[in-house]
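Notes to accompany the following structure.
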Amino acid sequence: MTQTDVAIIGGGINGGSTGLELAKNGLDVTIIDKNFICRGASGVNAGTLTMHMTRAQLIPYAKKGWELWMNTSKWLSNDIDVEKKNGLCLAFTEDEEKLLIERSKIRKEYGADITIISRKEAKRIDSNINSKIKCAAFCEMDGYVSANQTGHAYSKALKENKVKMLENYDVSEIDYRKNKYVIIFKNGEKLFASSLILATGVHLEKTLKLLQININIKCLPQQLIVSERMPKIMDTVITVANGKLSLKQFKNGTVLIGGGWPGKGNIEDNYTETKPENLIGNMMLACHAVPKLKSSRVARVWLGLEAETDDAMPIIGKLPKFKNAYVIGSIHSGYTSGPYMGKLLAEKFLGKDVDLSLFDIKRFL
Amino acid sequence: MINNRKYDVIVIGAGPSGVSSAINCAKKGLKVLIVDLNSNSGGQIYRAPPKTYKSISKKLEESEIQKKFSNEIKKFKIETAFNHTVWQVSPGFKVNAFNETSTIQWQTKSLIIATGTYEKIIPFEGWTTPGVIGLAACTVMLKAHHFIPSKKIVLAGNGPLLMLVAYYIIQFGGKIDAIVDTSSKIDWIRSTLSLITNPKNFKDGIKWIFKIFFNRVPIYSTSSIEKAVEVDRGIKVTIKNFMTGKTKNIVSETVAIGHGLIPSTDITRLLRAEHIYNEQKGGWIAKVDRFLRSSVKGVYLAGDGAGISGALAASDKGLLASSALLYDEKIISEKEFNQYTHKILKKLDKFEVFAIAISKLNSIPKNLIENIDNDTVLCRCEDVTKKEILKAVDQGAKDINQIKSWTRLGMGPCQGRTCQYATSKVVAEYLNYEIKDLGYLTGRSPIRPVPLDRVLGDFDYEKITKVEAAPL
Ligand SMILES: Cc1cc2nc3c(=O)[nH]c(=O)nc-3n(C[C@H](O)[C@H](O)[C@H](O)COP(=O)(O)OP(=O)(O)OC[C@H]3O[C@@H](n4cnc5c(N)ncnc54)[C@H](O)[C@@H]3O)c2cc1C
């Protein structure tokens with residue numbers, strides 16, 4: 001039987017960032033994951049750090065997250081590739097143009113430095129984009145991370161900061177006895193903790209149920225497509241007005257096509273399956289945005305499961321009626337803002353004055 | 001692109017096992033489609049020369065068997081989709097394939113997977129140099145095209161393919177500078193003796209060996225290629241005998257190397273079937289029962305996909321798998337099933353002796369793995385070196401999928417087909433683990449790279465499926 005100050009269930013970007021910050025503040029932290037660290041959404045996501053796809057209300061947080069990503073050597077590790085790029089969001093029709101102008105305006109009100117530019121200006125920024133665009137939205141604050149390296153970087157940083165990691169430990173029950181949380185694993189082992197943080201991503205609904213808290217968390221299976229390595233065909237992060245495309249070329253030459261096109265999948269048995277018609281739609285959109293892409297071959301397709309609450313806004317903060325218990329998750333563009341959200345929750349935990357009222361779980365109870 | 005043609009059975013792979021299972025099902029009245037990326041049936045072993053190569057088609061004994069396949073396919077009204085590469089199979093079952101111009105989707109109640117094997121190559125310094133090719137790839141050139149990769153060649157690796165390729169190269173007028181074999185001569189004698197039970201193979205083996213001796217081809221036993229470097233108009237190879245430690249340099253034009261074959265598990269991994277590790281049967285294989293049913297209902301494995309047993313056993317394995325299917329679908333009675341399979345199982349037991357002998361010749365000596373230099377690339381699609389793999393392992397990557405996500409190993413167009421085997425060996429050796437504890441790469445679609453222009457064709461922007469806008 002083992003003891004810890006803080007037990008964090010779920011070692012994704014949210015649990016990992018919270019744990020890292022708490023450990024840096026001297027707490028004894030244990031991160032538990034039923035898989036390896038960052039092998040859920042945080043290890044398989046598109047890694048796009050764009051304001052063009054971020055929900056307006058979350059822009060201030062995404063901006064802070066973006067800045068943290070641009071300086072990983074200071075707080076995380078050097079073992080993860082991060083690139084700053086210009087971001088172009090394209091409109092191909094008049095309707096899309098309207099939508100883009102409207103959405104960009106609102107995002108701007110929330111602090112994103114987005115400007116609408118003409119076709120000509122957009123082509124000057126990246127000559128590879130389709131010449132048939134009506135206009136584009138431009139933002140300098142964009143870029144990407146090689147998300148597959150997340151697990152490597154976090155494992156290393158967590159280890160260096162003496163965070164204990166219980167990998168391949170699946171939590172099946174949580175008890176509260178004598179001021180301690182008793183976390184019971186599927187393999188029968190137990191862990192005693194003074195405080196508890198739930199960060200199980202798409203599994204949050206199930207984990208919250210262990211504390212008799214019932215809220216809906218939808219599971220959105222999303223497909224990603226990657227090409228084989230090819231010569232440079234683009235130089236920006238490309239998105240589209242309705243938010244259903246993210247496109248960029250990594251340093252190694254592969255092009256990643258994302259945008260949240262649904263596949264099939266469920267959390268019960270972690271099964272995922274592609275929907276060929278949606279792969280085709282997503283690929284067409286990508287080839288329309290950057291025509292040179294059509295000469296490439298698709299090397300791999302995979303899926304990730306994203307969590308979404310009923311109002312598509314995050315849940316971050318204290319769990320009502322419980323002592324020293326917190327939750328973090330269901331954050332749109334959560335990879336971008338994750339490092340900052342984790343930091344915020346850690347500060348809240350440490351008693352600092354942090355306003356998380358926008359994300360209070362009470363709105364669902 | 002969606003073509004909703006429905007079948008009772010789709011057979012993927014038109015080698016001997018695929019063809020025999022397709023015929024068995026069609027004879028009982030099932031609606032069968034057989035798919036293969038090649039232009040005709042025959043698979044690797046009875047590979048048909050392209051139709052335009054009229055003169056060579058006549059010469060080969062293999063072509064006769066291939067012709068028999070074609071006739072039977074016609075006779076039993078089996079639908080065919082040659083020149084179609086399957087890139088995705090999903091439960092239910094939907095099979096997606098592409099050809100030269102477009103993609104297509106079929107549906108089927110049952111699936112027989114007869115996709116055979118692919119080449120196993122243990123990396124060495126310089127194995128990605130142009131001019132180094134696979135031994136199995138070399139047999140394709142020889143059999144289908146009567147084409148020798150160069151006038152002078154070094155053959156390396158192990159197993160019977162080494163001798164077969166040597167035989168054909170001499171036959172077609174090439175010069176073999178060396179055969180570099182990891183096995184010893186005693187290994188060969190032992191294995192050849194155990195082949196006596198199988199007259200056809202034994203006769204072939206003797207024929208190959210005679211030809212090689214008669215032509216005085218230098219054979220380096222218990223040796224491997226340590227290094228290959230490109231030199232002016234050729235390739236310099238360093239051969240090392242790992243018993244004596246002696247090395248020798250040879251300049252040749254091409255190196256064809258192979259260490260046996262790996263059962264193809266792309267589709268069964270995609271369907272999340274259970275797999276087990278069996279070194280003797282070629283590595284990771286789909287778990288099957290005696291009658292070749294996989295752990296996924298409706299999916300059967302014919303041929304070498306559930307373990308290598310060779311060409312002669314292949315058609316019987318096809319019969320076995322298809323009989324299980326016919327019985328499960330209540331098309332044949334239990335009695336008929338038992339009588340029929342009893343005979344096949346007995347025959348297959350005999351072939352097993354042969355399979356074991358071959359697998360011994362193809363066993364991977366420990367030195368071959370130990371001798372891989374730290375700077376040698378293990379994953380050639382993503383240029384990941386042994387050093388990078390071991391660094392990830394040192395930093396805590398514990399299974400093959402974690403190694404994949406930390407280093408990009410297996411993320412390229414070959415999806416780990418080439419690198420998984422050797423990498424698992426390297427890591428298992430380093431950590432003193434068993435390969436089964438490292439797991440296998442999660443199957444990901446597409447199982448073969450899909451050319452975007454072919455899948456998409458020409459399209460109008462307006463025609464792209466509309467999806468709901470993301471929330472603001
Ligand atoms: C395909 C895809 C593409 C995306 N693209 C982007 C993008 O480009 N940019 C962006 O900003 N965001 C993107 N996102 C969103 C982003 O990935 C997520 O918001 C973020 O990674 C969520 O992190 P998390 O830590 O909450 O969840 P996760 O990373 O899923 O972590 C949860 C962890 O909890 C563990 N766990 C669950 N149940 C248990 C249990 N009972 N016991 C122990 N452990 C348990 C899981 O194993 C998992 O490791 C994308 C998401 C997907 C799916």
Side-chain angles (χ1 to χ4, degrees), chain A residues 36 38-39 43-44 53 55-56 79 92-93 99 103 106-107 132 146 148-152 155-156 159 165 167 226-229 241-244 252 254 259-262 264 271 273-274 276-288 293-302 312 332, chain B residues 1-2 87-88 90-92 94 96 103 105 270-272 381-383 391-392 395-399 401-408 410-416 442-472:
Chain A
F36 293 111
C38 294
R39 284 291 293 282
V44 302
M53 288 169 88
R55 294 206 64 190
D79 281 292
F92 298 109
T93 63
L99 184 71
R103 289 192 155 196
I106 299 171
R107 287 195 170 103
K132 285 188 215 133
S146 297
N148 59 290
Q149 299 164 346
T150 319
H152 189 184
S155 291
K156 216 176 132 196
K159 225 183 267 170
M165 281 179 273
E167 294 178 293
V226 70
S227 78
E228 60 187 358
R229 297 195 280 187
N242 72 0
K244 296 313 268 185
N252 73 349
T254 58
W261 287 62
K264 287 190 222 164
Y271 181 78
E273 185 190 323
T274 54
E277 63 274 24
N278 280 352
L279 289 180
I280 303 273
N282 200 357
M283 291 178 202
M284 281 182 171
L285 191 54
C287 290
H288 188 72
L293 185 58
K294 225 179 154 185
S295 64
S296 75
R297 296 193 304 172
V298 173
R300 202 157 30 90
V301 171
W302 71 94
H332 239 265
Chain B
M1 89 113 192
I2 307 284
W87 61 275
Q88 145 103 345
S90 46
K94 293 189 197 89
N96 291 276
T103 71
Q105 185 182 80
L270 212 53
L271 290 169
R272 305 290 179 257
C381 297
E382 294 286 341
D383 292 327
K391 182 182 158 206
Q395 293 185 345
K398 292 174 199 75
D399 78 358
N401 285 301
Q402 208 175 10
I403 292 172
K404 172 181 173 182
S405 78
W406 290 18
T407 65
R408 301 195 59 82
M411 285 194 181
C414 101
Q415 293 255 32
T442 307
R444 295 280 181 224
S445 139
I447 54 176
R448 289 293 183 283
V450 176
L452 275 172
D453 51 356
R454 271 197 230 168
V455 194
L456 304 183
D458 289 322
F459 61 90
D460 291 329
Y461 181 64
E462 293 69 37
K463 292 272 162 62
I464 301 176
T465 324
K466 290 283 166 287
V467 278
E468 212 186 317
L472 176 68

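- The residue among A:A312, A:S296, A:C287, A:G243 with the most heavy atom pairs within less than 4.5 Å of chain B is A:S296.
- Neither the backbone nor the side chain of A:N282 has a heavy atom closer than 4.5 Å to any heavy atom of chain B.
- Under the 30°/60° scheme for interplanar angles, the aromatic rings of B:W406 and A:H152 are found to lie parallel.
- The contact between B:C381 and chain A is made entirely by backbone atoms, counting heavy-atom distances below 4.5 Å.
- The choice from A:Q149, A:K264, A:M284 that makes the most heavy-atom pairs within less than 4.5 Å of chain B is A:M284.
- Heavy-atom minimum distance, B:A470 versus A:R103: O-NH2, 2.8 Å.
- Contact tally against chain A (heavy-atom pairs below 4.5 Å) for B:T407, B:D399, B:L456: the top residue is B:L456.
- Using modelled atom types and a 3.5 Å distance limit, the side chains of A:E277 and B:T465 yield no donor-acceptor pair.
- Within a 6.0 Å radius of NZ in A:K132, no more than 12 heavy atoms belonging to other residues, nucleotides or ligands are found.
- Between chain B and the residues A:A56, A:G43, A:G151, A:G281, the largest count of heavy-atom pairs under 4.5 Å involves A:G151.
- Heavy-atom distances place both the backbone and the side chain of B:E382 under 4.5 Å from chain A.
- By the 4.5 Å heavy-atom criterion applied to side chains, A:S295 and B:D453 are not counted as neighbours.
- Here the side chain of A:R300 pairs a donor or acceptor atom with the backbone of B:M411 at under 3.5 angstrom.
- Proximity to chain A involves both the backbone and the side chain of B:Q395, based on heavy atoms less than 4.5 angstrom apart.
- Listed for the A:R55 side chain is a donor-acceptor partner under 3.5 Å among the backbone atoms of B:L472.
- Looking at B:R408 and A:T254, their side chains come closer than 4.5 Å, going by heavy atoms from C-beta outward.
- Taking 4.5 Å as the limit, every side-chain heavy atom of A:K244 sits out of range of all side-chain heavy atoms of B:I464.
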Using the side-chain contact (heavy atoms from CB on, under 4.5 Å) rule, take A:W302 and B:T442 through it: C-alpha gap first, then chi angles, then the decisive distance, then the call. CA-CA 10 Å; A:W302 71 94; B:T442 307; over 6 Å; no
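- In this structure, A:E228 contributes its side chain and B:G412 its backbone to no donor-acceptor pair below 3.5 Å.
- Of the atoms belonging to B:K94, it is side-chain heavy atoms, and not backbone ones, that fall under 4.5 Å from chain A.
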Check the pair A:T93 / B:Y461 against side-chain contact (heavy atoms from CB on, under 4.5 Å), numbers first and verdict last. CA-CA 10 Å; A:T93 63; B:Y461 181 64; 3.8 Å; yes
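- Highest contact tally toward chain A, considering only B:P451, B:A469, B:P446, is held by B:P446 [criterion: heavy-atom pairs under 4.5 Å].
- Contacts between B:Q402 and chain A at a heavy-atom distance below 4.5 Å involve backbone atoms as well as side-chain atoms.
- Contact between A:N242 and B:V467 at its shortest, heavy atoms only, is ND2-O, 4.0 Å.
- Using a 4.5 Å cut-off between heavy atoms, B:D458 contacts chain A through both its backbone and its side chain.
- Counting heavy-atom pairs closer than 4.5 Å to chain A, the top-ranked of the candidates B:L270, B:I447, B:N401 is B:N401.
- Contact record, B:Q415 with A:A299: NE2-O, 3.3 Å, taken as the closest heavy-atom pair.
- For the residue pair B:G457 and A:K294, the shortest heavy atom distance occurs at O-NZ, 2.5 Å.
- Interatomic distance, A:I280 CD1 to B:N96 CG, rounded to the nearest 0.5 Å: 8.0 Å.
- Annotation: maximal heavy-atom pairing with chain B below 4.5 Å, among A:V298, A:I106, A:L285, A:L293, occurs at A:V298.
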Could you go step by step and tell me if A:R229 and B:D383 meet the side-chain contact (heavy atoms from CB on, under 4.5 Å) rule? CA-CA 11 Å; A:R229 297 195 280 187; B:D383 292 327; 3.3 Å; yes
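- Heavy-atom pairs under 4.5 Å with chain A were tallied for B:P413, B:A397, B:P91, B:G396; the largest tally goes to B:P91.
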